[in-house]
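Data block below; observations after.
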Amino acid sequence: MKIGRLIGILSVLLQKDQVTAPELAEQFEVSRRTINRDIDDLCKAGIPILTTQGAGGGISIMEGYRMDRTLLTSKDMQMILAGLRSLDSVSGSNYYSQLMEKIQAGSSESVGRRDLILIDLSSWYKGTLSPRIEVIQSAIENRNLLCFSYYAPSGCSERSIEPYYLVFQWSSWYVWGWCQERKDFRLFKLNRMDQVKESEKPFAFRDVPLPDLSNEKIFPGGIKVKVLFDPDVEWRLVEEFGPKCFTKTDEGRLLFTADYTDMENFITWILAFGAKAEVLEPTDIREKIRCIAENTAEIYKEKTNERKY
């Protein structure tokens, strides 16, 4: 949120000859002290900002200095606005909408009202996701520990981390931070987090590596699978793995091959296809799925009226 605020302040200064710190504080809903820190950061970034005290004083950009906004074409502005709208879809506020208006008003290029790209980064859990993101953003900015309950395959545990980055990857939101329990950097999925709270306990900023989100790192493979699918699920294979993930057999079935990392995830995925998928390899996974199918069949053999709760 701080980067967005800095861009907003710069946009205001480019449009007005002079503005006061209290005016900026009210406009961006932060303290005057925060505005003063933001002005210092803009100065460090090379923006020549002047501040004058007393009656008639205020904050302004040095006379004669202007950013060449003609470098941004109408298409450039469309891309910027699309990105800001995507942030607004999960922010839980209209902050980015206000920022969009400022950037759009300050652009020398006309931006059409018809949107070419619509991005929504929210999810089915938007009602609970936005408050979590807001708490995490605050903890990152204030450098306070973040505490939460985390649900993993091994069970639920209480975690306390030093949060550094909010990450959107693989259609989900994550927070990257130093886990005090594991003594290492970890990636936590927001939809698995509950009771998310910003602690009042600060932490010392570390030398933070960027999370390695490459497929090779997260999904190193190691389990080579071979599956036959019915042709009517072709659309699902194309959607999830692309049109080159399978070949068509003479019988018209789809022979799927892939390199998987997690056996349990693979089994869960295959079971979602029901009788439309047959695992050929590995044989041990084929056997596990057979046992699961037999146990499931036994459950549904029981008469409904015999089960009491």
Side-chain angles (χ1 to χ4, degrees), residues 1-6 28-31 33-34 37 83-97 99 119-220 261-269:
M1 182 174 285
K2 182 175 181 179
I3 282 293
R5 190 172 63 245
L6 291 175
F28 292 96
E29 299 179 348
V30 294
S31 68
R33 186 176 179 181
T34 297
R37 285 200 299 263
L84 289 175
R85 288 189 188 95
S86 70
L87 292 175
D88 224 17
S89 66
V90 292
S91 67
S93 69
N94 62 351
Y95 175 81
Y96 294 101
S97 296
L99 182 55
I119 305 173
D120 190 338
L121 299 181
S122 63
S123 70
W124 296 109
Y125 310 99
K126 182 176 181 179
T128 56
L129 190 63
S130 296
R132 292 176 197 172
I133 288 179
E134 187 175 352
V135 171
I136 294 170
Q137 283 181 317
S138 177
I140 292 174
E141 288 188 11
N142 297 329
R143 296 187 180 180
N144 285 334
L145 292 177
L146 188 72
C147 304
F148 53 89
S149 302
Y150 195 67
Y151 293 85
S154 58
C156 180
S157 60
E158 300 302 315
R159 299 297 183 96
S160 179
I161 70 169
E162 301 169 7
Y164 290 100
Y165 292 105
L166 266 169
V167 180
F168 184 78
Q169 184 81 1
W170 312 298
S171 302
S172 296
W173 282 93
Y174 300 81
V175 59
W176 172 255
W178 174 269
C179 179
Q180 293 195 320
E181 179 181 348
R182 304 297 185 191
K183 305 300 181 186
D184 196 5
F185 288 97
R186 289 287 190 273
L187 201 62
F188 297 92
K189 194 171 187 177
L190 265 62
N191 282 341
R192 293 184 180 179
M193 297 166 62
D194 191 24
Q195 304 296 323
V196 183
K197 297 178 182 178
E198 178 184 357
S199 168
E200 294 183 358
K201 185 178 179 181
F203 62 86
F205 199 80
R206 296 175 183 270
D207 184 12
V208 189
L210 289 175
D212 185 352
L213 303 177
S214 63
N215 286 341
E216 293 76 12
K217 175 66 175 180
I218 305 300
F219 308 111
T261 299
D262 190 300
M263 181 178 66
E264 294 302 323
N265 282 343
F266 172 69
I267 291 175
T268 301
W269 179 66

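Atom set for the values below is all heavy atoms of this structure, side chains included, hydrogens, waters and symmetry mates excluded. Model, not experiment: these values are computed from the prediction.
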Please list, chain by chain and in numerical order, all residues satisfying side-chain contact (heavy atoms from CB on, under 4.5 Å) with Thr268, sequence neighbours excluded.
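Thr268 satisfies side-chain contact (heavy atoms from CB on, under 4.5 Å) with no other residue.
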Mind checking side-chain contact (heavy atoms from CB on, under 4.5 Å) for Val135 and listing every partner two or more places apart, or none if nothing turns up?
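Scan of Val135 (side-chain contact (heavy atoms from CB on, under 4.5 Å), adjacent residues dropped) gives Leu146, Val196, Glu198.
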Looking only at heavy atoms, which two atoms of [X] and [Y] are closest? And how far apart?
| X | Y | answer |
| --- | --- | --- |
| Arg192 | Ala152 | NH1-CA, 4.4 Å |
| Tyr150 | Lys189 | OH-N, 3.0 Å |
| Ser199 | Asn144 | O-CB, 3.1 Å |
| Tyr164 | Ala204 | OH-O, 3.8 Å |
| Asn191 | Leu129 | OD1-CD1, 4.0 Å |
| Arg182 | Arg186 | CB-NH2, 3.8 Å |

As an exercise, state the distance from [atom1] of [X] to [atom2] of [Y], rounded to the nearest 0.5 Å.
| X | Y | atom1 | atom2 | answer |
| --- | --- | --- | --- | --- |
| Arg143 | Glu162 | CZ | CD | 11.0 Å |
| Cys156 | Gln195 | SG | CD | 9.5 Å |
| Arg132 | Asp194 | CZ | CG | 6.0 Å |

Would you please say whether a donor-acceptor pair under 3.5 Å links the side chains of Ser157 and Arg159?
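A pair is found: one side chain offers a donor N or O, the other an acceptor, under 3.5 Å apart.
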Is any side-chain heavy atom of [Y] closer than 4.5 Å to one of [X]?
| X | Y | value |
| --- | --- | --- |
| Gln169 | Leu187 | no |
| Ser160 | Phe203 | no |
| Glu181 | Ile161 | no |

Step through it carefully: locate the ring centre of Tyr174, locate the ring centre of Tyr165, and say whether they are under 6.0 Å apart.
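Between Tyr165 and Tyr174, which both carry aromatic rings, the centre distance is not below 6.0 Å.
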When the ring centroid of Phe188 is compared with that of Phe148, is the distance short of 6.0 Å?
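Phe188 vs Phe148: aromatic centres under 6.0 Å.
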On the 0 to 90° scale, with breaks at 30° and 60°, tag the Phe185-Trp176 ring pair as parallel, tilted or perpendicular.
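Correct class here is parallel.
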Can Arg206 be said to sit on top of Trp178's aromatic six-ring, NZ or CZ under 6.0 Å from centre and within 45° of the ring axis?
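Ring-cation test returns yes.
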Stepwise, does the side chain to side chain contact (heavy atoms under 4.5 Å, CB included) test hold for Val167 with Val175?
CA-CA 6 Å; Val167 180; Val175 59; over 6 Å; no
